[in-house]
Amino acid sequence: MVVAVIELVRPPSSREADEVAGSLRAMVVAFREIEDPMRSEPLLRDGDQVAEGADEIAGFLDQLRHEVRRWNAFQSDACFVEDDGSIC
């Protein structure tokens with residue numbers, strides 16, 4: 001089984017790439033940073049999906065934020081006591 005990890009391919013020194021990395025960290029999303037001195041702007045890759053350029057990256061991050069919020073909405077560490085006294 002192959003597990004896809006979001007990759008941030010970035011120039012070595014880039015304010016834009018730093019902001020993208022900060023957004024991913026704020027969402028508490030696992031990602032790998034790959035420095036590529038041949039790149040002039042950041043690129044995000046998630047499996048076959050690639051986002052390059054400010055507009056595509058913003059859309060990628062918006063979609064990811066939505067998915068993370070949805071995922072978190074269904075996560076719970078609660079335990080319930082049933083009427084018969086059984087617990088989770």
Side-chain angles (χ1 to χ4, degrees):
M1 174 171 71
V2 175
V3 176
V5 173
I6 295 171
E7 295 179 335
L8 169 57
V9 184
R10 57 170 298 156
S13 180
S14 166
R15 182 182 53 79
E16 294 86 3
D18 292 343
E19 290 174 3
V20 172
S23 294
L24 293 169
R25 285 187 191 98
M27 285 185 265
V28 192
V29 173
F31 69 100
R32 176 178 31 228
E33 284 187 78
I34 302 167
E35 280 194 9
D36 181 351
M38 301 302 289
R39 291 210 58 81
S40 61
E41 62 181 19
L43 171 142
L44 280 173
R45 183 174 29 234
D46 185 11
D48 293 336
Q49 184 181 3
V50 175
E52 189 171 8
D55 290 340
E56 285 185 18
I57 289 175
F60 180 100
L61 292 173
D62 286 343
Q63 179 183 355
L64 185 58
R65 277 187 201 92
H66 174 73
E67 289 177 21
V68 168
R69 274 194 300 269
R70 240 181 105 220
W71 177 261
N72 289 336
F74 294 105
Q75 301 303 308
S76 174
D77 60 356
C79 184
F80 300 95
V81 178
E82 299 295 335
D83 290 338
D84 66 1
S86 63
I87 58 173
C88 53

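- Nearest heavy-atom pair across Met27 and Val68 is O-CG1, 4.0 Å.
- One hydrophobic cluster, built from ILVMFWY side chains closer than 4.5 Å, cannot hold both Ile6 and Val9; they sit in different ones.
- Screening residues 34-44 for salt bridge (charged side-chain N to carboxylate O under 4.0 Å, His left out) gives Arg39-Glu52 as the qualifying pairs, with residues at least two apart or on separate chains.
- The side chain to side chain donor-acceptor pair (under 3.5 Å) pairs that include a residue from residues 17-31 are Arg10-Asp18, Arg15-Glu19, Arg25-Glu33, where partners are two or more places apart or lie in different chains.
- If you chain together hydrophobic residues whose side chains sit under 4.5 Å apart, Ile34 and Phe31 never meet in one group.
- Looking at every heavy atom in both residues, Leu8 comes nearest to Pro42 through CD1-CB, 3.8 Å.
- To the nearest 0.5 Å, atom CG of residue Leu43 and atom CZ of residue Phe60 are 9.5 Å apart.
- Leu24 has its side chain within reach of Leu44: a pair of non-hydrogen atoms, C-beta onward, lies under 4.5 Å apart.
- Between the CZ atom in Arg69 and the CG atom in Leu64 there is a gap of 10.0 Å [rounded to 0.5 Å].
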